[in-house]
Amino acid sequence: MTAPVFVVEDVRADGAGQYVLDGPEGRHAVSVKRLRAGETVVLTDGAGRWAEGEVAAAEGKDRLVVDVREVHEEPAPTPRITVVQALPKGDRGEVAVETMTEVGVDAIVPWAASRCITQWKGERGLKALGKWRATAREAGKQSRRVWFPQVADVATTRQLGALLAAADFAAVLHESGDAPLAAAELPTEGEIVLVVGPEGGVSPEELALFEQAGARPYRLGPSVLRTSTAGTAAAALLLGRTGRWS
């Protein structure tokens with residue numbers, strides 16, 4: 001789909017009717033996109049339900065009226081790909097979330113690894129998490145997705161054990177891996193989980209815990225990628241190999 005995407009929290013399953021975009025979404029549509037009557041837009045709830053509509057009117061600076069005839073339900077992509085992302089420094093976390101969203105990652109789990117310089121605590125942590133979620137939402141719209149990635153609460157190493165144990169395929173991107181990710185045997189459905197460590201690397205203790213949970217270490221390639229780009233590169237590789245990009 002090429003029409004601009006806007007989020008509507010209550011896309012109705014019964015379809016036809018008028019929707020009003022106001023607030024930040026309406027302001028972006030009217031004052032930034034400068035949409036006018038007759039143009040096509042897509043409305044979505046970010047959870048697979050979407051509708052293509054025609055702009056009926058642009059009112060003021062922040063109100064767009066859209067006529068919708070039919071609502072669609074898009075199945076969740078499979079296999080589902082979750083990336084566990086160690087907390088990077090500065091704004092590299094938002095960069096990682098943005099690019100992973102653009103390529104098609106389904107869920108992102110912020111991870112407070114032992115070697116992370118950045119630590120999310122108190123109000124600062126809540127603010128950082130909010131930025132990641134806002135970034136995923138905006139990148140989902142920009143890349144014309146109707147399934148936006150879920151950004152979980154920050155997880156500890158211990159908490160990741162259950163997530164990895166339940167996965168149909170779990171991998172830790174690590175230089176000690178004796179097999180390339182490009183050659184791994186992948187499931188055609190279910191859950192794939194990738195773990196991306198911090199700039200300082202995954203510690204031996206963390207690697208041992210993850211292996212106990214069933215996550216094997218894999219090499220991504222001959223070069224060393226930054227933590228903010230490794231997840232995007234690995235996800236793109238898997239999306240191509242699983243057929244989701246076919």
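Residue indices begin at 1 and follow the sequence shown. Note that these values count all heavy atoms, side chains included, but never hydrogens, waters or copies made by symmetry.
Under a cut-off of 6.0 angstrom, the local environment of CD in Gln142 is sparse, with at most 12 non-hydrogen atoms contributed by other residues, nucleotides or ligands. Within 6.0 Å of atom CZ in Arg115, more than 12 heavy atoms from other residues, nucleotides or ligands are found, so the atom counts as buried in its surroundings. Atom CG of Leu126 sits in a crowded spot, with more than 12 heavy atoms from other residues, nucleotides or ligands closer than 6.0 Å. Open room surrounds CD on Glu175; 12 or fewer heavy atoms of other groups in view lie less than 6.0 Å from it.
Both Leu239 and Leu186 are part of a single hydrophobic cluster, where members link through side-chain heavy atoms under 4.5 Å apart. Both Val83 and Leu129 belong to a single network of hydrophobic side chains, linked directly or stepwise wherever heavy atoms of I, L, V, M, F, W or Y lie under 4.5 Å apart. In the hydrophobic clustering of ILVMFWY residues, with side-chain heavy atoms under 4.5 Å counting as a link, Val193 and Leu237 come out apart. Hydrophobic clustering of Ile, Leu, Val, Met, Phe, Trp and Tyr side chains at less than 4.5 Å, counting indirect connections, keeps Val105 apart from Leu160. Under a hydrophobic-cluster definition in which Ile, Leu, Val, Met, Phe, Trp and Tyr are linked whenever side-chain heavy atoms come within less than 4.5 Å, directly or via other members, Val109 and Val196 are assigned to different clusters.
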Practice prompt. Go through the steps for Arg137 and Glu98 under the test salt bridge (Lys or Arg N to Asp or Glu O under 4.0 Å), then give the verdict.
Written response: CA-CA 9 Å; Arg137 174 186 169 109; Glu98 181 178 54; over 6 Å; no
Practice prompt. Might you work through the side-chain contact (heavy atoms from CB on, under 4.5 Å) test for Glu9 and Glu25, ending with a clear yes or no?
Written response: CA-CA 11 Å; Glu9 302 298 338; Glu25 291 289 273; over 6 Å; no
Worksheet item: Can Val65 and Val55 be said to form a side-chain contact (heavy atoms from CB on, under 4.5 Å), step by step?
Response: CA-CA 6 Å; Val65 182; Val55 176; over 6 Å; no
Discussion item. Does Val66 form a side-chain contact (heavy atoms from CB on, under 4.5 Å) with Glu54? I'd like the steps, not just the answer.
Written reply: CA-CA 5 Å; Val66 180; Glu54 182 177 299; 5.9 Å; no
Item to complete: Output, in order, the C-alpha distance, side-chain angles, deciding distance and verdict of side-chain contact (heavy atoms from CB on, under 4.5 Å) for Val8 and Leu21.
Response: CA-CA 8 Å; Val8 177; Leu21 285 177; 3.7 Å; yes
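Looking at heavy atoms from C-beta onward, Glu74 lies in side-chain contact with Trp147 at the 4.5 angstrom threshold. Arg63 is listed as a side-chain neighbour of Val20, based on a closest heavy-atom distance under 4.5 Å. Two residues are said to be in side-chain contact when any heavy atoms from C-beta on lie closer than 4.5 Å; Leu194 and Leu238 meet this criterion. A heavy-atom distance below 4.5 Å is found between the side chains of Ile108 and Met100. Counting only heavy atoms from C-beta outward, the side chains of Asp106 and Phe148 never approach each other to under 4.5 Å. Under the 4.5 Å side-chain criterion, counting only non-hydrogen atoms from C-beta, Leu173 is in contact with Leu181. Taking the side chain as every heavy atom from C-beta outward, Phe210 and Arg216 never approach each other to under 4.5 Å. No side-chain heavy atom of Phe169 sits less than 4.5 Å from a side-chain heavy atom of Thr242.
What you find for Ala233 and Leu220 is that their closest heavy atoms are CB-CD2, 4.1 Å. Across all their heavy atoms, Tyr218 and Ala170 have their closest contact at CE1-O, 4.5 Å. Across every non-hydrogen atom of Ser176 and His174, the tightest pair is OG-ND1, 2.7 Å. When all heavy atoms are compared, the tightest approach of Ala136 to Pro149 is CB-CG, 3.9 Å. When all heavy atoms of Pro88 and Thr118 are compared, the pair lying nearest together is O-OG1, 3.0 Å. Contact record, Ala56 with Gln18: CB-NE2, 4.1 Å, taken as the closest heavy-atom pair.
No side-chain donor-acceptor contact under 3.5 Å links Arg92 to the backbone of Ser228. Here the side chain of Glu39 pairs a donor or acceptor atom with the backbone of Arg36 at under 3.5 angstrom. In this structure, Gln85 contributes its side chain and Thr227 its backbone to a donor-acceptor pair below 3.5 Å. Checked by atom type and distance alone, the side chain of Thr229 never pairs as donor or acceptor with a backbone atom of Leu225 at under 3.5 Å. A donor-acceptor pair is defined here as one N or O able to donate and one able to accept, closer than 3.5 Å; such a pair exists between the side chain of Arg244 and the backbone of Pro79. Looking at Glu52, its side chain never comes within 3.5 Å of a backbone N or O of Val42 through a donor-acceptor pair. The backbone N or O of Arg49 sits less than 3.5 Å from a side-chain atom of Asp45, completing a donor-acceptor pair. The backbone N or O of His28 lies less than 3.5 Å from no partner atom in the side chain of Ser31, so there is not a single donor-acceptor pair. Formation of a donor-acceptor pair under 3.5 Å by the Glu206 side chain with backbone atoms of Ser203 is found in this model. Checked by atom type and distance alone, the side chain of Gln159 pairs as donor or acceptor with a backbone atom of Thr156 at under 3.5 Å.
A salt bridge is defined here as a Lys NZ or Arg NE, NH1 or NH2 lying under 4.0 Å from an Asp or Glu carboxylate O, and Asp153 with Arg133 meets this definition. Arg226 has a carboxylate O that lies under 4.0 Å from a charged side-chain N of Glu199, or vice versa, which qualifies the two as a salt bridge.
Going from atom CH2 of Trp120 over to atom CH2 of Trp132 covers 4.5 Å, rounded to the nearest 0.5 Å. With values rounded to the nearest 0.5 angstrom, Lys33 atom NZ is found 12.5 Å from Leu64 atom CG. For the atom pair Arg80 CZ and Asp168 CG, the distance stands at 12.0 Å (nearest 0.5 Å).
Taking the six-membered ring for Trp and thresholds of 30 and 60 degrees, Trp50 and His72 have nearly parallel ring planes, at less than 30 degrees apart.
In the model, Glu191 has a side-chain atom that pairs as donor or acceptor with a side-chain atom of Thr82 under 3.5 Å.
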